[in-house]
Protein chains: 2
Amino acid sequence: MGKQMTEMLKGTLEGIVLAILSLRSAYGYEITARLREMGFSGIAEGTVYALLVRVERRGLVDVEKHPSEKGPPRKVYSLNATGQEYLAEFWETWRFLTGRLEQLHEGGR
Amino acid sequence: MGKQMTEMLKGTLEGIVLAILSLRSAYGYEITARLREMGFSGIAEGTVYALLVRVERRGLVDVEKHPSEKGPPRKVYSLNATGQEYLAEFWETWRFLTGRLEQLHEGGR
DNA sequence: GGCACTACTATGTGCTACTATGTACCAGTA
DNA sequence: TACTGGTACATAGTAGCACATAGTAGTGCC
């Protein structure tokens, strides 16, 4: 991963994961895989799990344990009402930022 | 400042400041003021100065001292060739991120 | 038995933005 | 004179995040 991407992901990765969960429930390993499919090839597994622990502790997601055919049981996360509110705020903040940056980028030519 | 914004600015604020400098040279206090005009009302002065020290140390900007009518002399920063390359990378990384997030946002409805 | 894949957990590090505080210089004003 | 407010820069300490690394543990295949 580039250093720029690493820094830029701070703050946004959380929103990305919550957005993924808003589409449908998922477990950690699955989320990591989906991120890779999306092109975030360098995101460390540990990062995703740590993030999930955080959002769980903050009460943004609900958790259920499901047995897995392979390996240890899965912790399936789903976005709850608080999480949805938080995600809405995230999108607002994101829109503000993109607005300013587009402005700057266009001003540059 | 919202907590989300604070985290999201990590990695992007640097790009924003470099983008400002790519339009024209500026000094710290001026940059802070321009950020406030842009709507980033909560960005601390200290943050901007620390950031400028960083980018100077990394050789992304050139510095000149100019006397000021008021207060201590100004340190005027201007983006050099290395900085311009770095900024170009920043825009690429940014475009990648916005692409993925737009995709997610649209998939959400 | 060794390897690859699934699935989660834990520790320590580096980087960044924030808060808070301080220095210093000048202009206006009561 | 003393005080306030604006200009201009600097720094020490804190919190949060992504990373690297390592470990546990089960399954299936050759």
Side-chain angles (χ1 to χ4, degrees), chain A residues 1-18 25-36 40-58 60-61 63-77 86 90 93 97, chain B residues 1-18 25-36 40-58 60-61 63-77 86 90 93 97:
Chain A
M1 289 275 273
K3 211 200 123 217
Q4 296 203 22
M5 182 61 93
T6 293
E7 290 307 322
M8 242 184 255
L9 280 175
K10 292 184 179 177
T12 43
L13 184 58
E14 190 177 282
I16 292 170
V17 169
L18 293 180
S25 303
Y27 52 97
Y29 194 82
E30 190 186 359
I31 293 171
T32 309
R34 209 169 299 173
L35 286 171
R36 289 198 210 289
F40 295 104
S41 53
I43 290 182
E45 260 194 271
T47 300
V48 176
Y49 287 111
L51 193 158
L52 289 170
V53 168
R54 273 197 319 266
V55 293
E56 183 189 352
R57 213 173 279 163
R58 275 195 245 142
L60 307 178
V61 291
V63 189
E64 271 183 76
K65 281 230 174 188
H66 289 285
S68 162
E69 313 93 50
K70 297 182 159 196
R74 295 166 175 167
K75 281 178 77 174
V76 176
Y77 295 86
Y86 189 84
F90 170 81
T93 310
L97 244 194
Chain B
M1 289 274 275
K3 211 199 123 216
Q4 296 203 23
M5 182 60 92
T6 293
E7 290 307 322
M8 240 184 258
L9 280 176
K10 291 185 179 175
T12 43
L13 183 58
E14 190 177 282
I16 292 170
V17 169
L18 293 180
S25 304
Y27 52 97
Y29 194 82
E30 190 186 358
I31 293 171
T32 309
R34 211 169 297 173
L35 286 170
R36 290 199 209 288
F40 295 105
S41 52
I43 291 183
E45 259 195 272
T47 299
V48 176
Y49 286 111
L51 192 158
L52 288 171
V53 168
R54 268 194 328 261
V55 293
E56 183 188 351
R57 213 173 278 163
R58 275 195 245 142
L60 307 179
V61 292
V63 189
E64 270 182 77
K65 282 230 174 190
H66 289 286
S68 162
E69 313 92 50
K70 294 183 160 198
R74 297 165 174 168
K75 281 178 76 175
V76 176
Y77 295 86
Y86 188 85
F90 169 81
T93 310
L97 243 194

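Residue numbering restarts at 1 for every chain, and letters A, B, ... go by the order of the sequence lines.
When side chains are defined from C-beta on, A/Phe90 does not count as touching A/Glu14, because their heavy atoms never get closer than 4.5 Å.
Protein atom CD1 of B/Ile31 is 12 Å distant from nucleotide atom P of D/dA8, rounded to whole Å. The distance between atom CZ of B/Arg34 and atom P of D/dA8, rounded to the nearest whole Å, is 13 Å. When the P atom of C/dC5 is taken as reference, atom CD of A/Glu69 falls 17 Å away, rounded to whole Å. The distance from atom NZ of A/Lys10 to atom P of C/dC18 is 14 Å, rounded to the nearest whole Å. Rounded to whole Å, the distance from CD1 on A/Ile43 to P on D/dT21 is 17 Å. As rounded to whole Å, 12 Å separates atom C1' of C/dC8 from atom OH of A/Tyr27. The nearest whole Å value for the distance from the CG atom in A/Leu51 to the C1' atom in D/dG16 is 12 Å.
A/Leu13 comes within contact range of the sugar-phosphate backbone alone, with a heavy-atom separation under 4.0 Å but no base atom that close. Residue A/Arg57 is classed as having no contact, given no heavy-atom separation below 4.0 Å to the nucleic acid.
Here the nucleotide nearest the side chain of B/Arg74, chosen from D/dA8, C/dA17, C/dA7, is D/dA8. For B/Thr6, taking side-chain heavy atoms from C-beta onward, the closest of the listed nucleotides C/dC8, C/dA17, D/dC17 is C/dA17. Closest to the side chain of A/Lys75, from the set C/dC8, D/dC9, C/dA17, is C/dC8.
OP1 or OP2 of D/dT7 sits under 4.0 Å from a side-chain N or O of B/Tyr29. Distances shorter than 4.0 Å separate some side-chain N or O of A/Lys3 from OP1 or OP2 on C/dT16.
Judged by closest nucleotide on DNA chain D, B/Gly28 is the one of B/Gly28 and A/Arg58 placed further toward the 5' end.
The nearest pair of heavy atoms linking A/Leu52 to A/Gly28 is CD1-CA, 3.6 Å.
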Q.
Using a 4.0 Å heavy-atom cut-off to protein, can you give one letter per nucleotide of nucleotides 19-25 of chain C, 5' to 3': B if the base is in contact, S if only the sugar-phosphate is, - if neither?
A. B----BB
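Salt bridge status for B/Glu30 with B/Arg74: absent, with no side-chain N to carboxylate O gap under 4.0 Å.
Separating the OG1 atom in A/Thr47 from the CG atom in A/Leu13 is a distance of 7.5 Å, to the nearest 0.5 Å.
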